[in-house]
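Structure, as structure tokens:
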Amino acid sequence: MAQSIKIKKTVAFVVSVCIVCLLFAGFVMRNNDNEHVLAANDETVIKLQIDNPNMTVNNETAEIDPGRGTVPVIINDRTLLPVRSIIEAVGGTVDWEENTQTVTLNYKNDVIRLIINSESAYFNDAENTLDTAPVVINDRTMLPIRYIAESFKFDVDWEQETQTVTITVPKNDVSHSTTDPNAPVVYMTTEITPEALVEIYDKLGFNAEGNVAVKMSTGEPPNSNYLRPELIKDLVQKVDGTIVECNTAYGGSRSETEMHRQVIKDHGFTEIADVDIMDEDGSLEIPIAKGTTITKDYVGAHLANYDSLISLAHFKGHAMAGFGGAIKNMSIGIGSKEGKAYIHTGGNSLTSPWGGDQDKFCESMAEATSGVVDFMDGKVVYINVMNRLSVDCDCDGNPADPDMHDIGILASTDPLALDQACIDLIYAQKDGDGKSLVERIESRNGLHTLEHAAEIGLGSREYNLVNID
């Protein structure tokens with residue numbers, strides 16, 4: 001990262017940053033009027049110029065320090081920039097603790113703490129030594145941009161001729177994680193065990209009332225990566241749940257009820273719980289109040305027998321949707337054979353899932369999920385298990401081998417926030433072993449499912465990520 005910070009020889013660009021923070025009690029750091037909410041696939045470019053009170057964020061002009069006229073300056077060959085606006089522009093937050101003279105920067109899942117007049121800095125509680133200690137000048141706190149940029153993986157460039165600093169947050173490096181108390185919570189554990197699955201479910205505070213459906217994929221034989229019975233057994237039995245499935249629309253070993261039952265037995269699920277193929281007796285048509293692409297959905301008729309539902313999804317890639325998580329599990333997974341075809345084709349067919357418009361397919365998944373949530377009166381919670389991360393789905397009996405390390409288990413009461421958090425974790429490793437999964441998602445425009453889910457009010461793309469480890 002150090003190589004990405006270009007320093008002109010004419011200026012000793014050992015850069016520091018000026019946080020706009022008045023050092024008196026009660027000063028509120030966050031300014032929502034200057035906030036920029038960014039999509040996960042945006043590149044963010046922020047430009048600031050010496051002695052100019054304005055900055056640009058992706059070519060949109062905004063005041064650096066609204067109403068105060070703060071400008072970047074050069075003092076003793078140090079370029080001082082206001083950082084609050086920068087951090088907030090990419091979805092982070094800044095906090096000031098006057099008693100300890102400490103500034104805390106939160107971005108994605110990372111935290112930087114710096115202390116006035118101390119050369120010790122802390123990145124996720126790991127101590128580092130700065131070459132320039134933070135200082136206070138004119139009631140403004142000056143912090144080292146080099147350390148911040150390298151820690152948060154920003155690129156910084158200095159243009160001497162125009163006296164302009166350009167800060168770039170690379171494409172797909174913007175997370176939707178926030179510390180906004182109004183955002184939904186997504187719980188996370190890196191442990192993938194039966195005990196961790198029960199613990200993260202308990203964190204949701206969900207009352208699984210009456211007949212409880214646990215919706216999951218029981219897996220296409222012979223070699224798919226479905227969640228194994230030994231992992232889910234304790235949770236399913238804790239809620240006295242019934243594992244529910246619907247027949248497939250693409251053929252294979254689970255397209256007809258009797259064959260499907262045999263697969264479920266072969267995979268060991270009948271040994272741990274009752275299993276219900278919900279469209280054994282056909283489809284139930286339900287309305288979609290928020291639908292713009294489809295206004296109705298066809299689900300397994302037995303869905304009406306359940307009072308509450310747990311979506312237990314194996315998060316992974318998918319040959320058609322790009323990825324599969326809570327939204328796909330709640331739409332394609334709960335759709336009857338006819339419903340699966342209907343969603344795949346954007347409402348154009350009840351008999352064939354092939355030949356539909358890709359974006360309409362993505363939109364239909366989001367809309368079908370909203371229909372199921374409404375049908376269940378919101379008595380639904382969502383868990384995604386991020387293990388065996390292949391680019392292919394559990395509906396593929398011979399998927400590509402997983403080429404990404406296991407991440408953990410995530411859970412939320414908001415299906416969109418949950419899927420977005422999983423996507424952000426994948427994209428955080430897009431230059432590493434997450435590359436193939438990112439390519440699969442983008443090749444199918446999979447993020448459009450999340451975009452449309454937000455548009456129709458299914459949930460929030462912003463979330464608070466809470467690690468329970």
Side-chain angles (χ1 to χ4, degrees), residues 192-198 200-201 206 208 210-281 299-303 305-316 318 324-326 328-337 339-340 372 380-390 392-399 402 406 409 411:
I192 305 178
T193 64
E195 296 79 11
L197 189 57
V198 170
I200 205 166
Y201 166 79
F206 180 65
N211 291 329
V212 180
V214 180
K215 174 62 192 77
M216 61 171 294
S217 171
T218 52
E220 187 71 23
N223 296 313
S224 62
N225 294 307
Y226 60 91
L227 302 177
R228 278 10 187 201
E230 54 269 24
L231 174 65
I232 70 164
K233 174 184 175 181
D234 290 354
L235 174 60
V236 175
Q237 293 183 353
K238 173 185 174 69
V239 299
D240 193 21
T242 299
I243 296 172
V244 300
E245 269 272 49
C246 286
N247 291 318
T248 66
Y250 55 80
S253 300
R254 299 181 299 143
S255 61
E256 302 296 336
T257 298
E258 290 309 312
M259 292 192 303
H260 199 166
R261 286 190 189 282
Q262 186 62 51
V263 170
I264 290 170
K265 181 179 179 180
D266 292 345
H267 286 175
F269 291 103
T270 56
E271 296 180 8
I272 68 168
D274 291 334
V275 182
D276 180 12
I277 299 177
M278 291 194 295
D279 62 340
E280 178 181 6
D281 296 316
V299 299
H302 293 182
L303 183 64
N305 299 335
Y306 297 96
D307 304 297
S308 53
L309 191 151
I310 299 171
S311 169
L312 180 54
H314 174 216
F315 191 92
K316 67 283 174 186
H318 190 271
K328 182 178 178 295
N329 195 40
M330 289 286 292
S331 55
I332 295 295
I334 290 177
S336 63
K337 182 179 293 190
K340 287 177 172 63
V372 172
V380 187
V381 289
Y382 312 89
I383 302 172
N384 286 352
V385 180
M386 301 185 74
N387 70 338
R388 296 192 60 80
L389 289 158
S390 170
D392 291 322
C393 181
D394 300 345
C395 58
D396 190 330
N398 291 286
D406 294 349
I409 305 173

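Because the structure is a prediction, the values reported are computed rather than measured.
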Return the [atom1] to [atom2] distance between [X] and [Y], rounded to the nearest 0.5 Å.
X: L227; Y: S217; atom1: CG; atom2: OG; answer: 8.0 Å
X: I264; Y: S253; atom1: CD1; atom2: OG; answer: 12.0 Å
X: K316; Y: S390; atom1: NZ; atom2: OG; answer: 10.5 Å
X: N387; Y: L389; atom1: CG; atom2: CG; answer: 7.0 Å

Less than 4.5 Å apart, any side-chain heavy atom of [X] and any of [Y]?
X: E280; Y: R261; answer: yes
X: Y201; Y: V381; answer: yes
X: M330; Y: V380; answer: yes
X: L312; Y: V385; answer: yes
X: I409; Y: I383; answer: yes
X: M386; Y: I192; answer: no
X: I334; Y: M278; answer: yes

Which heavy atom in [X] sits nearest to a heavy atom in [Y], and how many Å separate them?
X: C246; Y: G333; value: CB-O, 3.8 Å
X: V214; Y: G241; value: CG2-CA, 4.2 Å
X: I200; Y: L197; value: CG2-O, 3.4 Å
X: F206; Y: I310; value: CE2-CG1, 4.4 Å
X: R254; Y: D394; value: NH2-O, 4.3 Å
X: P399; Y: C393; value: CB-O, 4.4 Å

Are any side-chain N or O atoms of [X] and backbone N or O atoms of [Y], one a donor and one an acceptor, separated by less than 3.5 Å?
X: H260; Y: I277; result: no
X: K337; Y: A249; result: no
X: H314; Y: N225; result: yes
X: D307; Y: N211; result: yes
X: D281; Y: A301; result: no

side-chain contact (heavy atoms from CB on, under 4.5 Å) between T248 and S255, worked out: CA-CA 5 Å; T248 66; S255 61; 3.5 Å; yes
Test item: side-chain donor near acceptor, [X] and [Y], under 3.5 Å:
X: D279; Y: H302; value: no
X: N329; Y: Y382; value: no
X: S224; Y: D396; value: no

Worked check of side-chain contact (heavy atoms from CB on, under 4.5 Å) between N247 and E256: CA-CA 6 Å; N247 291 318; E256 302 296 336; 5.6 Å; no
ring-ring contact (aromatic ring centres under 6.0 Å, His included) partners of Y250, counting only residues at least two apart: none
Contacts of type ring-ring contact (aromatic ring centres under 6.0 Å, His included), residue H267, not counting sequence neighbours: Y226
Any residue meeting side-chain contact (heavy atoms from CB on, under 4.5 Å) with E230, in chain and number order, not counting sequence neighbours: R228
Do any side-chain atoms of residues 231-239 form donor-acceptor pairs under 3.5 angstrom with protein atoms, and if so which ones, sequence neighbours left out?
{"unit_1": "Q237", "atom_1": "NE2", "unit_2": "I272", "atom_2": "O", "d": "3.1"}
{"unit_1": "K238", "atom_1": "NZ", "unit_2": "D202", "atom_2": "OD1", "d": "3.4"}

Check against side-chain contact (heavy atoms from CB on, under 4.5 Å), L309 and L303: CA-CA 9 Å; L309 191 151; L303 183 64; 4.0 Å; yes
Sequence-distant partners of H318, side chain to side chain donor-acceptor pair (under 3.5 Å), two or more places apart: none
Set of salt bridge (charged side-chain N to carboxylate O under 4.0 Å, His left out) partners for K215, sequence neighbours left out: E245
